[in-house]
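Order of the sequence lines sets the chain letters (A, B, ...), proteins ahead of strands, with each chain counted from 1.
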Number of protein chains: 2
Amino acid sequence: MNLPPLVQTFVLHFGEMGSRWGINRTVGQIYALLYLSKEPLNAEDIVERLGVSRSNVSMGLKELQAWNLVRLQHRPGDRRDYFGTPDDIWQIVRTLVEERKKREIDPTMTLLREVLMQEPASAEERHAQERMREMHDLFELLTGWYADVQRLDTERLVQLLTLGSKVQKILEMKDRLFVVPGSKKSRRDDPKDK
Amino acid sequence: MNLPPLVQTFVLHFGEMGSRWGINRTVGQIYALLYLSKEPLNAEDIVERLGVSRSNVSMGLKELQAWNLVRLQHRPGDRRDYFGTPDDIWQIVRTLVEERKKREIDPTMTLLREVLMQEPASAEERHAQERMREMHDLFELLTGWYADVQRLDTERLVQLLTLGSKVQKILEMKDRLFVVPGSKKSRRDDPKDK
DNA sequence: CACACTTTTCAGTAAGTTCTGAAATTACAG
DNA sequence: CTGTAATTTCAGAACTTACTGAAAAGTGTG
């Protein structure tokens, strides 16, 4: 591995972190390297810096492309592929969340919906279904929230996050100001609501 | 594997899902099984239902305990260990997030802080450090938000999530009502702020 | 304190994954 | 077209992780 010490520390760490996720070490390292690099890199650059085989880099880049985490670019008069990450780190986060949702949450929701349609054949199954419904509803709430904030532009998103639970205070204030005593709690005006 | 079809579908799915995470198939299956079960189960119950070895179950349960995801219980006049999940699914989510933060975010933050202290020795390192600072700041923002909402009780948390980005609307309203023209944007009054 | 029951540990093996070098394929310049 | 540079594919080797059965350690009872 042929990298400035500072860069190497980070790259190695992300290699290990990758393993904790489903992602493999080399893929983690390639991404860390591209993330830190000012200029986009070609496959051979990556081979030299990480000291792994050319084919390994090829597969790693393919995987990162499947995740939409990497941007393919070309230089005039050079037909090699160059890879880089978005300059805006928020774009990276958005992609990551989106892709993980697609791979982990969506299939689970599909399965839960299917299973919840079935007729339970015993008390045990009835209880299991009840638990699955709790999970389904929780996921629905979370993905609904996600769909909502995901649409915000970054400035507003940062604003919202910076505020944290202080929002709560403002809500209470709002309630005190506007809610008619005895009326229902305020809720999202979802068209699906009956 | 000896389970009602409905339960089996779910258990198998979580086995697969486990593999996508760092978690192994058996651990995913054990957790899914415990989650769906009305009564806590002992190791032998799990062996029978999943059809895996006793030692595998023992290791799986140990891992789940290390994650704090499983509750050890006893029955009077029975010295076997029984395992169950919290009845409240929100408690499960809170534990999951907490543990993942501890294993993935915290070590990364430590590393980032260390590396950011060092003196860059080249333009390349300077740029790399800049990127790391972006990541550091982003993680700080996210963990700050998390620390904040994590303290809310579940009812208020659900309220907040249901609201989604509607919060934004209320913020704007608040701003219109209370902000003195020309003053700074509202922000979290963090004691670390200078 | 010994016995029966339960859980844990561990070494060996099975299964799965990552990685490599070589071969095949693709893309383009002349 | 042809030749060269670049990328991808792939079969097998190297490595890692998961799983098992057997043995060890722990735990409560009579």
Asker: Using a cut-off of strictly less than 4.0 Å between a heavy atom of the residue and any atom of DNA chain C, enumerate the qualifying residues of residues 13-43 of chain A by number.
Answerer: A:Asn24, A:Arg25, A:Thr26
Asker: Does A:Leu33 reach the side chain of A:Ile46, with side-chain heavy atoms less than 4.5 Å apart?
Answerer: yes
Asker: To the nearest angstrom, how far is A:Leu72 atom CG from D:dT8 atom C1'?
Answerer: 14 Å
Asker: On DNA chain D, check which nucleotide each of A:Phe83 and B:Gly77 is closest to and give me the residue with the more 5' one.
Answerer: A:Phe83
Asker: Backbone N or O of B:Pro40 within a donor-acceptor pair of the B:Ser37 side chain at under 3.5 Å?
Answerer: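 Flag not set: sc B:Ser37 to bb B:Pro40 has no pair under 3.5 Å.
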Asker: In terms of hydrophobic clusters joined by side-chain contacts under 4.5 Å, are B:Trp21 and A:Trp67 together?
Answerer: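 B:Trp21 and A:Trp67: one cluster.
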Asker: Using atom CG of A:Asn56 as one end and atom P of D:dA11 as the other, report the distance to the nearest whole Å.
Answerer: 17 Å
Asker: Quick check against the 3.5 Å criterion: does A:Tyr82 have a side-chain atom that pairs as donor or acceptor with the backbone of A:Arg75?
Answerer: no
Asker: Can we say A:Arg126 and A:Glu130 salt-bridge, meaning some charged N sits less than 4.0 Å from an Asp/Glu carboxylate O?
Answerer: no
Asker: Identify the pairs formed between an N or O of the protein and an N or O of nucleotides 22-30 of chain C at a distance under 3.5 Å, and give each distance.
Answerer:
none

Asker: Quick one: pull up CD in A:Glu48 and CG in A:Leu3 and give me the separation to the nearest 0.5 Å.
Answerer: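 So the gap between those two atoms works out to 11.0 Å.
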Asker: Grab the CE-C1' distance between A:Met1 and C:dC19 for me, whole Å please.
Answerer: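 So the CE-C1' distance, A:Met1 to C:dC19, works out to 14 Å.
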Asker: CD1 of B:Ile46 versus C1' of D:dC19: gap in Å, rounded?
Answerer: 16 Å
Asker: Measure from CG on B:Asp45 to P on C:dT6 and round the result to the nearest Å.
Answerer: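 To the nearest whole Å, that distance equals 11 Å.
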Asker: Do side-chain atoms of B:Gln129 reach the backbone of B:Val115 as a donor and acceptor pair under 3.5 angstrom?
Answerer: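 The answer is yes, because a donor-acceptor pair under 3.5 Å joins these two groups.
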Asker: Could you check how far CZ of B:Arg75 sits from C1' of C:dC5, rounded to whole Å?
Answerer: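 Rounded to the whole Å, the gap is 17 Å.
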Asker: So, B:Asp45 side chain and B:Asn42 main chain: donor-acceptor pair closer than 3.5 Å or not?
Answerer: yes
Asker: At less than 4.0 Å, is any side-chain N or O atom of A:Arg80 found next to OP1 or OP2 of D:dT7? Yes or no.
Answerer: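 A:Arg80 to D:dT7 OP1/OP2: no side-chain N or O under 4.0 Å.
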Asker: Would you confirm whether A:Thr9, through its side chain, and A:Pro5, through its main-chain N or O, come within 3.5 Å as a donor-acceptor pair?
Answerer: yes
Asker: Heavy atoms within less than 4.0 Å of DNA chain C: which residues of residues 57-68 of chain A have one? Give them sorted by number.
Answerer: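 Close to the strand, none.
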Asker: Got a second to check how far A:Asp106's CG is from A:Met109's CE, nearest 0.5 Å?
Answerer: 8.5 Å
Asker: Give a yes or no answer on whether the side chain of B:Arg94 reaches the backbone of B:Gln150 with a donor-acceptor pair at less than 3.5 Å.
Answerer: yes
Asker: Rounding to a whole Å, what distance do you find between A:Glu44:CD and D:dT8:P?
Answerer: 13 Å
